[in-house]
Amino acid sequence: MKYFQARISRETAQIFQMLKDTYEQVDGKSLTQAMIISKAVDDVSVLKRWDKVVNDNSVKGKELEKITDKDLRIRVQLSPQTQEKIQNYKYYFPQLVGTRSVTLGVALKFIFKGALLMRDDATLVDFQSRDVDSIIDSCKYKLAELIAPTNKVAFEAIFSEMKNEITSLKK
């Protein structure tokens with residue numbers, strides 16, 4: 001698995017720290033950078049009002065003295081699906097910002113900001129867009145990272161069977 005790398009601003013690092021604190025408080029355990037990024041990308045997949053997220057200035061990271069130069073560089077192992085989603089957002093955001101392109105750091109800033117804002121503002125979320133298949137796929141990728149390599153084939157078969165059964169119930 002290749003590393004995902006990005007440079008982020010101090011403001012983005014502060015927003016990331018706020019998101020990390022929120023997720024850790026909800027989960028009750030310490031989370032890695034990769035886990036937080038993956039969770040944020042999954043969470044924002046149901047956002048429908050990105051214009052509000054991009055133009056919102058209410059999310060200001062508290063001044064954290066512990067933001068170091070190391071915190072401004074993200075280098076984590078993410079699933080290919082998560083990396084692809086981040087790249088898709090990177091190509092989507094310029095039309096909202098009014099620029100030709102945005103960096104990965106800016107894309108991450110909006111993703112983190114969206115993940116924080118959607119906890120407070122239900123009007124940003126489109127619950128209908130997230131169907132059963134996307135929920136199952138999301139869970140599959142999260143669980144696949146926890147499965148030992150020798151069990152991956154059996155896991156894939158069982159999960160596919162479960163997905164097919166659930167899909168047939170929907171019809």
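Given the structure is predicted, the values throughout are model-derived calculations rather than measurements. Along the sequence shown, residues carry numbers from 1.
Rounded to the nearest 0.5 Å, atoms CD (Q83) and CD (Q81) are 9.5 Å apart. We find the CD1-CD1 distance between I74 and I8 to be 4.0 Å, quoted to the nearest 0.5 Å. Note that the CZ atom of F155 and the OG1 atom of T150 stand 13.0 Å from one another [nearest 0.5 Å]. Atom CD of Q33 and atom CZ of R75 lie 11.5 Å apart (nearest 0.5 Å).
Residues R49 and D56 are not paired through a salt bridge, judged by the lack of any N-O separation under 4.0 Å between the basic side chain and the carboxylate.
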Ignoring hydrogens and angles, write down the donor-acceptor pairs under 3.5 Å from the side chains of residues 22-32, residues two or more places apart or on other chains.
unit_1 : atom_1 : unit_2 : atom_2 : d
T22    : OG1    : M18    : O      : 2.9
Y23    : OH     : D43    : OD2    : 2.6
E24    : OE2    : L31    : N      : 3.0
T32    : OG1    : M35    : N      : 3.2

Please report, to 0.1 Å, the donor-acceptor pairs under 3.5 Å made by any side chain of residues 84-102, with sequence neighbours excluded.
unit_1 : atom_1 : unit_2 : atom_2 : d
N88    : ND2    : E84    : O      : 3.4
Q95    : NE2    : Y92    : O      : 3.4
T99    : OG1    : S101   : O      : 3.0

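Residues F112 and I37 are in side-chain contact: their nearest non-hydrogen atoms beyond the backbone lie under 4.5 Å apart. Between V106 and S9 there is no side-chain heavy-atom pair separated by less than 4.5 Å. At least one side-chain heavy atom of L47 sits under 4.5 Å from a side-chain heavy atom of M118. Side-chain atoms of W50 and V53, non-hydrogen and from C-beta on, do get closer than 4.5 Å to each other.
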Problem set entry | Test log, rule side-chain contact (heavy atoms from CB on, under 4.5 Å), inputs I67 and Q14 | CA-CA 7 Å; I67 299 286; Q14 291 169 338; 4.2 Å; yes
For this session: Begin with the C-alpha distance, continue with both residues' side-chain angles, and end with the deciding distance and a verdict on side-chain contact (heavy atoms from CB on, under 4.5 Å) for F16 and L108.
Result: CA-CA 9 Å; F16 179 80; L108 287 172; over 6 Å; no
Problem set entry | side-chain contact (heavy atoms from CB on, under 4.5 Å) assessment of K113 paired with T12 | CA-CA 8 Å; K113 198 158 96 168; T12 305; over 6 Å; no
For this session: Evaluate the criterion side-chain contact (heavy atoms from CB on, under 4.5 Å) for residue pair S38 and L78; output intermediate values, then yes/no.
Result: CA-CA 7 Å; S38 295; L78 296 174; 3.6 Å; yes
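Counting all heavy atoms, side chain and backbone alike, L19 lies closest to A40 at CD2-CB, 3.8 Å. Looking at every heavy atom in both residues, G114 comes nearest to V44 through C-CG1, 3.8 Å.
Judged by distance alone, the side chain of N151 and the main-chain N or O of I147 form no donor-acceptor pair under 3.5 Å. Proximity of a side-chain donor or acceptor of D71 to a complementary backbone N or O of T68 within less than 3.5 Å is detected.
A salt bridge (Lys or Arg N to Asp or Glu O under 4.0 Å) check over residues 102-111, counting only residues at least two apart or in different chains, returns the pairs E11-K109.
Remark: R10 CZ is packed, more than 12 non-hydrogen atoms of other residues, nucleotides or ligands lying under 6.0 Å away.
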